[in-house]
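Per chain, numbering begins at 1; letters A, B, ... match sequence-line order.
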Amino acid sequence: MKMHSIRNRLIIGTSSVIMIALATGALLVYQSVSRSLYDEIDKDLAQTMTHQSLELEIIEGEVFHEWLEDIKKDEKRRAGELMQAWGIASDEVLRSPALKGSDLPMVYGKFGDRYFANHVLPDGAHVRVIGGLIYPRIESLGAGGVVIIPENLPYIMAIGRDTKALHVALNRLILELFAGLLCAIFFSFSVVSFIIRSSLKPLLQLEKEITAIDVNNPKEVFEIPADLPVELSALTHQYRELLSRISGVRQRERDFSANVAHEIRTPLAGIEATLELALANDRQLEDYKERIGETLKIAMKMRTLVNRLMWFSRLQNRTEHTESTEVDLHQLIQFQLAILSESITARGLSVKEDLQTSAVFKTDETLLSILMNNLIGNAVAHSDEQSLIAVRTYDEGRCLVFEVSNAAKGFEGETLDAIFEPFYRRDSARSANDEHSGIGLALSREIASVLGLKLSVQLKTENVFSVKVIFPEE
Amino acid sequence: MRVLVIEDYSPLRNAVAGSLKESGYAVDTSGTGDEGLWYAKNHSYDAIILDLMLPHVDGLTILKSLRELGQDVPVIVTSARDSLEDRIEGLDAGADDYLVKPFVLKELLARVRAQTRKMYGKKASIVAVGDLSIDLNAKKVSREDQEILLTSREYKLLEYLAFRADEVVSRQEIWDHVYDYHGDASSNAVDVYVGYLRKKLSNRSSDSYIQTRRGIGYQLKYIQE
C-alpha cells in the first residue's frame with residue numbers, strides 16, 4: 001500500500017497555494033503597471049490627436065494638411081512622428097515620412113470618439129495607435145462663395161507612438177517580478193517547511209514513545225509529549241485508552257493461562273500423589289484397585305476440564321461447527337432437570353417450574369443443551385441448601401426469555417460482571433472441585449454469543465441470583 | 001509428630017495425608033480455609049501443609065493469622081501458583097517452605113522432616129540418646145547396631161521424646177503431638193505406650209531411657225544405675 005506523507009502533502013500543498021497567490025499578485029502588479037503605462041501613452045496620444053486634428057484645415061476652399069507640412073518643415077524634431085490620414089470622400093491617403101510608406105491601422109468610429117490599437121510595423125517596431133474620425137476645420141472659404149461643409153469631407157486620422165521603451169520597462173518589470181516571486185516562493189517554502197516540521201516533531205517523539213512500549217508489560221503506558229498539538233491530543237488519549245484496554249485483555253489472557261495451568265496442575269498433583277502413595281508400600285490387591293480407581297476418577301475429571309477448555313477455545317475462535325435443527329426448549333429443560341435430580345435431592349432443593357410458553361425453534365441442539373446444563377447445573381451447585389430454584393420461560397416483547405433463579409447468600413453486586421470470567425469463583429478456592437471446573441459460565445457466554453442469544457445475570461433480591469437467556473424473535 | 005494438611009482438592013488431600021500417616025505422622029486434614037484455621041489455632045502441630053487457594057479463607061490469610069498469633073509452627077505452602085512473585089509473597093507472609101504442585105510426595109515428606117528437625121533444633125537426621133540411635137529418615141531405632149522393632153505408635157512416641165531429649169514433656173504435649181484429632185487413643189494411652197517402650201528399649205535391668213517425672217510427665221534421658 002502506498003503511504004502518503006502528511007508532511008510532504010502539507011509542504012507541497014501550502015507552498016503551491018502560496019506560489020499561486022504570489023504569482024497571481026505578480027500578474028496583477030504587472031497588469032496594473034502595464035495598464036498605467038499604456039494609460040499615460042494613450043493620454044498623450046489623445047492630446048496629440050486633439051492637437052493634430054486641428055491641423056486639418058480648409059483654407060481657401062481647399063483641404064490643407066498642415067500637420068504634414070509642419071512635419072516636413074521640422075524634420076529634425078518631428079522626424080519620428082507616425083501619422084496617417086485617410087480622406088474618406090477624396091480617397092487620398094497621407095502618411096508621415098517616418099511610416100516609410102507603411103500603414104497604420106485604420107481605427108475609427110463615431111466622430112469625437114477615440115480608438116486605440118497596438119500595431120507592429122513592417123520593421124518590427126511596436127506602436128500604440130490612436131485613431132478617430134475628424135472633420136477639417138474651416139480656416140477660410142475660397143472666392144466665389146462656394147459653400148463647403150466640413151462633415152462632407154471626413155478624414156480618418158491615426159497617430160502612432162513607438163512603445164519600445166514601454167516594452168523594455170515592462171520586460172524589466174517581468175524579470176523583477178519573476179525574481180521576486182522565486183525568492184518569495186523559496187522563502188515561504190522554507191518557512192512553511194520549518195513550521196510543519198516543528199509542528200510534527202512531537203509526532204516523532206510520540207512514535208518513539210510508542211515504539212519503546214514493552215508489549216510484555218501490560219501495565220506500561222506511553223508518555224504524551226508535553227508539546228503535542230491539541231489537535232492530536234484527543235487521538236492520543238484514545239490510543240492510550242485503546243492500549244489500556246489491550247493491556248486489560250492481555251492481563252486476562254495471562255490470568256486465564258495461569259488459571260488453566262493451576263486447574264490442570266492440581267489434579268495432576270492428585271494423580272501423582274495417589275500413585276506415588278500406592279507404590280510406596282506393598283498393599284493388598286483391593287487397596288491397589290481403590291487407588292487406581294481414584295486416579296482414574298481424577299483423570300476423567302481432567303478430561304472433562306480439557307474438553308471444556310477445547311470447546312471454550314473453539315467457541316471463542318468461532319471455529320465450532322453449528323447445525324440448526326428444531327429444538328423444544330421445554331423438553332430440553334425437563335431433560336436437564338432429570339439429569340440433575342440426584343444432586344437436587346442430595347442438596348434438599350426444590351424446583352419450581354413455570355414453563356408457560358410454547359418454545360420450539362431452530363438452533364444448535366448440542367450447544368443449547370450445554371448452555372442449559374451449565375445454567376441449571378450452576379444453580380443447583382451454588383444454591384443454598386434446602387432452598388428453591390425457579391425455572392421459567394415467558395414472553396418479553398417479541399422475544400422468549402428463559403430464566404433460572406436460585407438463593408445464594410453473600411453475592412455482592414460488584415462481582416456480577418466477573419462471574420463470566422473463566423475460572424471465576426466467589427472465594428479464593430481455585431482448585432477443581434468435585435463437580436465444577438470453573439469454566440461453565442464463561443463457556444455459556446460464548447455459546448450464547450455463537451447462537452445469537454443474550455445472556456445476563458442479576459440479583460433479583462439480596463439473596464436471589466438470576467440468570468436470563470433472551471432468545472431473539474426469529 | 002503431628003501434621004495438619006489444609007487442601008481443598010480431596011484426592012490430593014487424601015494422598016498427602018495417607019502418605020504422612022504411612023510415614024508415622026499423626027495427621028489432621030481440612031478442606032476449607034476457615035476449618036483449617038480453626039484446627040491450626042486450637043491444636044499443636046509440628047508442621048502444617050497449606051494450600052493457598054482455599055474456600056472461605058485463603059491460605060495467605062491463614063498464614064498471616066498464625067504468625068500474628070505468635071505461632072511459629074513450620075508451614076509448608078503447596079500451590080499451583082509457581083511465579084516468582086507468588087513464591088516471594090508466600091514466603092514473606094511467613095511460610096517456611098514453598099512447594100509447587102505437582103510435587104513428589106517423597107520430597108514433601110523430606111521437607112516435613114527437615115522442618116520438624118529444624119523446629120526442634122536437630123540438624124542431623126539421627127538422634128542419639130546414650131547408646132540408643134533413632135534414624136528420623138528411616139524411622140528405625142537401634143542400639144549397638146541392633147535394630148529395635150517398634151510399632152508405629154511406639155515409634156511416634158519415641159520420636160517426639162527424642163526431638164525433645166533431656167526435656168520433661170507433659171502427657172498433654174505427648175498427646176497433642178503424637179495423636180491426631182480423630183485418633184482413637186484412650187486417655188491413658190500415653191502411659192501404656194511409655195510402658196511398652198521402656199520394655200523394648202532396656203535390655204539390662206540397670207538401663208533406663210524414659211524417666212518419669214511424677215505429676216509432670218516424661219523425660220528421655222539415658223541413666224545407667
Any ion pair linking Asp51(B) and Arg13(B) (charged N to carboxylate O, less than 4.0 Å)? no
For Val104(B), which atoms come within 4.5 Å of any heavy atom of chain A: side chain, backbone, both, or neither? both
Electrostatic pair Arg308(A):Glu263(A) at N-O distance under 4.0 angstrom: no
Chain B contact residues among residues 287-295 of chain A, heavy-atom distance under 4.5 Å: Arg291(A)
Within the side chain of Arg347(A), is there an N or O that forms a donor-acceptor pair under 3.5 Å with the backbone of Val380(A)? yes
Could you work out, with side chain to side chain contact (heavy atoms under 4.5 Å, CB included) as the rule, every residue matching Ser142(B), not counting sequence neighbours? Ser133(B)
Carboxylate-amine/guanidinium proximity below 4.0 Å for Arg67(B) and Asp96(B): yes
Contact winner vs chain A - Val16(B), Asp82(B), Asn14(B), heavy-atom pairs under 4.5 Å: Asp82(B)
Note: Val464(A) and Ser405(A) closest approach over all heavy atoms is CG1-CB, 4.0 Å
Among Leu12(B), Thr78(B), Thr61(B), which has the most heavy-atom pairs under 4.5 Å with chain A? Leu12(B)
Classify the side-chain pair Asp46(B)/Tyr25(B) by whether it contains a donor and acceptor separated by less than 3.5 Å. no
